[in-house]
Amino acid sequence: MTDKRTVFVKTYGCQMNVYDSDRMTDALVPAGYVPTDSLETADLVLLNTCHIREKAAEKVYSELGRIRLIKEARAREGREMTVGVAGCVAQAEGREIAARAPVVDLVVGPQTYHRLPEFLDRARKGERVVETELATEEKFEHLPAPSRERTLARGVTAFLTVQEGCDKFCSFCVVPYTRGTEISRPVARVVQEAERLASAGVREVTLLGQNVNAYHGEGPDGASWNLARLVARLAEIPGLDRLRYTTSHPRDMDDDLIAAHRDLPQLMPYLHLPVQSGSDRILAAMNRRHTAAGYLRLIERIRAARPDIALSGDFIVGFPGETDADFEETLTLVREVGYLSAFTFKYSPRPGTPAAGRDGQVPEAVKTERLDRLQALVNEQTRAFNARTVGLTIPVLIEKPGRRPGQLSGRSPWLQAVHIDGDPARIGEIADITITAVGTNSLAGRFASGAPSRTGIAS
Ligand code: 5AD
Ligand code: SF4
């Protein structure tokens, strides 16, 4: 007889939640939990939630409705199931969740996950636990490292949170309230975690932060290190051949970081740099604290440093007060930049944020129309970018088996998915691949015989 309990974690939202979900599992394994892929049979179900837009938050309540039925059916069989809500909805709504969804035993905010085993003991004794304290620098610093097997089972690419929270207070955004003020992990902790990942076979690490380029962690010399310095240190780790970071704010894109894109071959030529709108009036109302022209100048400097860099962005359409003319300026900016990809969203008023109560809320039909037009433009740019890669031979990190038998799936330096026929033994390799065709969301290629192309795909 074993007293191991199974845990199922469902992740919503951003990459930081993906990272947090893995760390929650890491915190629970020493307490006797085993990860499972089956919600139906799990002893513990954790929903790691997202509060960024209304739709994301509502999904949690519909999932809790479904879980209630499963929990009730299991109770009839005399088996218990513990249900926890974690993440940003937990942080933002706390006790409201417990009140609205009686199925929930436990509500835990993103800064308290290291204490999960203790909360679960309390929940299993019948207490309804709600823990949403903000800003602990402790969070993941005392977790035992996951095993090499568990790390590799997660793949040859990994996320690593280096910074959390945001001090920017864009007027649409809940993050400063759900994730708290900016906290950077000390350099030594980040290096230790990156070394562990590399020694387990991870080849590519994406550094995460809500505002990652504002990173200012304490260095081993006691000084504050910026992201460029941290990246340069991580580039020294043998085996870590690819580094990325996300998400960045234009205001924090400093000279050192731009230079790092020129100087560090490990730093991949891809940058997610949200601008949200191309209208100065809307940018001001969003409290972005930069102009469209300022953003374009920045892009120019980044491209001068790394001509083949691929850019991606986030855009909100239908922000309060956005006119047709403002929206046209967004389209103009997108045309001027030429993105590889962009995430486009309809403005969603979030309770507690300054913009939510403003006059000039834009009708849903107008938002839909603008979103469609913007998305069509972005899709055109994605297709054009992808088409320019056909015929090139580029280094691709082979990540996992593809959908078809005999197929492998990897990523280009520009983060495009690439499908190749080949032997699964090649997973983990960075191989020279000649791109032969473009699909809707991916590229097709074959293992190259010759040397890689020397030219990038600078536009
Ligand atoms: N409505 C719509 N989109 C939003 N985002 C953040 N808050 C909102 C909101 N209230 C988008 C922004 C941000 C991305 C993570 O989500 O574009 O960059
Ligand atoms: Fe969602 Fe934003 Fe929280 Fe990430 S930080 S989980 S995107 S609300």
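Start at 1 and go down the list; that is how both ligands and their atoms are numbered. When a residue number appears, it is its place in the shown sequence, counting from 1. Excluded from the calculations below are hydrogen atoms, water molecules and symmetry mates; all remaining heavy atoms, backbone and side chain alike, are included.
At most 12 heavy atoms of other shown residues, nucleotides or ligands fall within 6.0 angstrom of atom CZ in Arg95.
Between the side chains of Gln276 and Asp314, no donor-acceptor pair is found at a separation under 3.5 Å. Defined by atom type and a distance below 3.5 Å, a donor-acceptor pair is missing between the side-chain atoms of Asn386 and Thr389.
Aromatic ring orientation, Tyr245 versus His261: tilted (interplanar angle from 30° to 60°).
Near Arg53, meaning under 4.0 Å from any of its heavy atoms, are these atoms of ligand 1: 1 (N), 2 (C), 3 (N), 4 (C), 5 (N), 11 (C), 16 (O). Taking a cut-off of under 4.0 Å to the non-hydrogen atoms of Arg350, the atoms of ligand 1 that pass are 10 (N).
Contact annotation: for Phe172 versus ligand 1, heavy atoms closer than 4.0 Å belong to both the backbone and the side chain.
Residue Tyr347 has no nitrogen or oxygen atom sitting less than 3.5 Å from a nitrogen or oxygen atom of ligand 1, judged on distance alone. The N/O atoms of Gln276, backbone and side chain alike, include one that comes under 3.5 Å of an N/O atom in ligand 1.
Considering Thr332, Leu333, Val334 in turn, Thr332 is the only one that fulfils the side-chain contact (heavy atoms from CB on, under 4.5 Å) rule with Glu336.
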